[in-house]
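Encoded as structure tokens, the structure appears first; notes follow it.
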Amino acid sequence: MSSTVITNIATLVTNDPSLGDCSPLGLIQDAAVVIDGDRVAWTGESSKAPATDNRVDAGGRTVLPGFVDSHSHLVFAGDRTQEFNARMSGRSYTAGGIRTTVAATRAASDDDLERNLTHYLAEALRQGTTTFETKSGYGLTVADEARALRIAAAHTDEVTYLGAHIVAPDFADDPAGYVALVTGEMLDACAPHARWIDVFCEKGAFDGDQARAILTAGKARGLHPRIHANQLSYGPGVQLAVELDAASADHCTHLTDADVDALANSATVATLLPGAEFSTRAAWPDARRLLDAGVTVALSTDCNPGSSFTSSVPFCIALAVRDMRMTPDEALWSATAGGAAALRRTDVGRLTPGAYADLTFLDAPSHVHLAYRPGVPLVSGVWRRGVPVA
């Protein structure tokens, strides 16, 4: 392995408050970063950079940790353009539209599913995402859920079993039977391919008792819980997430004061997904309320073909600043270190010694331009594990 120093960085975002300006982002001006193999070895001012085997000039660009997208649904087939068009013409979003994607996914070959997955992963990588989580949930049979996870696991370690996305159409008249399948034979087939277990706890999907049974069964098989919580209405999802030490409660749009307090006094991250609100014209999550209460917040894309068909973390950052009352600093932290916290990882989402050398280069003097110049393709380079990849 050889070492490389990247110099002439206008602003380096480390996410280490002990560095640079001592803010949560740990901003260092006129900075350099040293990479040794696939890890960060040193960060600091360019004038103090140690000698290395190789030298790269950043050209006055901003460098920040690769985005950590901790919530996506990328193993699917088909398209829901007509549904989106109808919704933008006045129809409201409900959980039922998932069935359209289920039918298309079941009919697709393994090659079709993998080709689709890698297409969207490459799209996300070009926009600065270097770590991502993705879920099953569009097969809803034992064989289809297992193959979705097997395909996903070939491309990421952050794989989530979401057999409990909705009650499978085949069990429309027997939801208890489907819960038994999800916690039994399906779980047995899927657990070897996953790290996480998830459930859509919502009217039209699974109630609190069903969600608890599903997540508890997953924990017994060594899968750690995360949960789709309180997206479309008030409900038990957030409280259940805290009760079961879920790594993340995702969406968190409709919260009581008790929900906010529970999150603030737990290790559960509130993952906000503004692409879903943008694409469904729903109420925005109140990020300011969560942040002011001391809740750890992550920001992710929720990339899926129905309710949030974007792979762009920069777009979600701009939405969070404009419509969720986050500051540019908070939004960036949430899309990097916050996403890492939602995956319970410390080796990504920051540029500090020992972390993976996952870097996103911005053709801008500051990270603030992600919100200041929305829609502009500012990402001009991406390194993953110490290697330029985009």
Side-chain angles (χ1 to χ4, degrees), residues 12-16 25-26 33 35 37-40 43 63-75 117-136 149 151-162 193-196 198 224 226 247-248 250 269-273 275 296-304 308 310-317 320 331-362 367 370 379 381-390:
L12 177 67
V13 177
T14 67
N15 283 337
D16 183 343
L25 294 185
V33 58
I35 298 169
D38 63 357
R39 304 274 178 163
V40 174
T43 59
V63 174
L64 45 96
F67 300 124
V68 179
D69 192 346
S70 61
H71 184 126
S72 73
H73 304 249
L74 298 180
V75 186
L117 170 67
T118 56
H119 171 79
Y120 292 114
L121 292 181
E123 183 179 272
L125 184 66
R126 291 193 300 271
Q127 298 174 89
T129 299
T130 53
T131 301
F132 67 93
E133 177 270 0
T134 200
K135 311 175 192 294
S136 65
L149 295 171
I151 290 167
H155 299 277
T156 181
D157 296 331
E158 304 298 344
V159 180
T160 301
Y161 166 46
L162 183 58
H193 306 293
R195 180 185 178 198
W196 307 96
D198 198 343
H224 203 90
R226 42 201 330 109
S248 182
D250 297 23
V269 173
T271 298
L272 307 184
L273 309 162
T296 300
V297 171
L299 192 63
S300 295
T301 65
D302 191 19
C303 187
N304 74 83
S308 183
T310 180
S311 59
S312 175
V313 173
F315 174 65
C316 291
I317 287 173
L332 176 59
W333 190 94
S334 296
T336 51
L343 296 175
R344 298 207 165 161
R345 292 181 62 171
T346 58
D347 57 350
V348 295
R350 64 197 72 241
L351 293 176
T352 54
Y356 280 116
D358 296 345
L359 293 78
T360 293
F361 292 73
L362 299 183
H367 65 281
L370 289 166
V379 175
V382 182
W383 290 41
R384 188 171 188 273
R385 304 287 170 94
V387 177
V389 292

Output for pair (Leu272 CG, Cys316 SG), nearest 0.5 Å, gives 10.5 Å
Within the side chain of Ser311, is there an N or O that forms a donor-acceptor pair under 3.5 Å with the backbone of Tyr120? no
Would Thr130 and Tyr356 count as a side-chain contact (heavy atoms from CB on, under 4.5 Å) if you check the C-alpha gap in whole Å, the side-chain angles of each, and the deciding distance to 0.1 Å? CA-CA 10 Å; Thr130 53; Tyr356 280 116; over 6 Å; no
Report the distance from atom CH2 of Trp196 to atom OG1 of Thr160, rounding to the nearest 0.5 Å. 7.5 Å
So, do His71 and Asn304 sit near enough that their side-chain heavy atoms are less than 4.5 Å apart? no
Check whether any side-chain N or O of Arg39 sits under 3.5 Å from a backbone N or O of Gly354 as a donor-acceptor pair, and report yes or no. yes
Under 3.5 Å, is there a donor-acceptor pair linking the side chains of Arg344 and His224? yes
Using 0.5 Å steps for rounding, measure from the CG atom of Leu351 to the CD1 atom of Ile35. 8.5 Å
Short question: side chain of Thr352, backbone of Asp16 - any donor-acceptor pair under 3.5 Å? no
Whether Asn15 side chain and Gly349 backbone form a donor-acceptor pair below 3.5 Å: yes
Could you walk me through whether Ser248 and Thr271 pass side-chain hydrogen bond (donor to acceptor under 3.5 Å, both in side chains), step by step? CA-CA 6 Å; Ser248 182; Thr271 298; 2.5 Å; yes
Closer than 3.5 angstrom, by distance alone: can the side chain of Asp358 be matched with the main-chain N or O of Arg385 as a donor-acceptor pair? yes
Tell me if a side-chain donor or acceptor on Thr310 pairs with a main-chain N or O of Thr301 at a distance below 3.5 Å. no
Under the side-chain contact (heavy atoms from CB on, under 4.5 Å) test against Val63, which residue among Thr360, Leu359, Leu362, Thr43 passes? Leu359
Given the rule in the side-chain hydrogen bond (donor to acceptor under 3.5 Å, both in side chains) test, do Ser70 and Ser300 qualify, once you have shown the distances and angles that lead to the verdict? CA-CA 6 Å; Ser70 61; Ser300 295; 3.0 Å; yes
Taking every non-hydrogen atom, the tightest pair across Leu299 and Ala331: CD2-O, 3.7 Å
If I compare all heavy atoms of Gly339 with all of Ala298, which pair ends up nearest, and what's the gap? N-CB, 3.8 Å
Do the side chain of Thr156 and the main chain of Ala153 share a donor and acceptor less than 3.5 angstrom apart? no
Between Thr131 and Glu158, is the side-chain hydrogen bond (donor to acceptor under 3.5 Å, both in side chains) condition met? List the steps. CA-CA 8 Å; Thr131 301; Glu158 304 298 344; over 6 Å; no
Check whether any side-chain heavy atom of Thr336 sits under 4.5 Å from a side-chain heavy atom of Phe67, and report yes or no. yes
What are the two closest heavy atoms between Arg350 and Ala355, and how far apart are they? O-CB, 3.6 Å
Quick check: does any side chain N or O of Arg384 sit under 3.5 Å from a backbone N or O of Gly66, one acting as donor and the other as acceptor? no
Any donor-acceptor pair under 3.5 Å linking the side chain of Glu133 with the backbone of Ser72? yes
Could you tell me whether the side chain of Val13 reaches within less than 4.5 Å of the side chain of Pro65, counting heavy atoms only? yes
Could you tell me whether the side chain of Ser136 and the main chain of Leu162 form a donor-acceptor pair under 3.5 Å? yes
Taking all non-hydrogen atoms of both residues into account, name the closest pair between Leu125 and Val382 and its distance. O-CG2, 3.3 Å
Distance check, rounded to the nearest 0.5 Å: Ser312 atom OG versus Asp69 atom CG? 10.0 Å
Compare every heavy atom of His367 with every heavy atom of Leu25, then report the nearest pair and how far apart it is. CD1-NE2, 3.4 Å
So, taking the atom named CZ in Arg226 and the one named CG in Leu343, what distance separates them when rounded to the nearest 0.5 Å? 5.0 Å
Could you check whether atom CG of Asp157 has more than 12 heavy atoms from other residues, nucleotides or ligands sitting under 6.0 Å from it? no
Shortest non-hydrogen contact from His155 to Leu121? CB-CD1, 3.8 Å
Assess the residue pair His73 and Asp302 against the criterion (side-chain contact (heavy atoms from CB on, under 4.5 Å)); give the C-alpha distance rounded to whole Å, side-chain angles, the decisive distance to 0.1 Å, and a yes or no. CA-CA 7 Å; His73 304 249; Asp302 191 19; 3.2 Å; yes
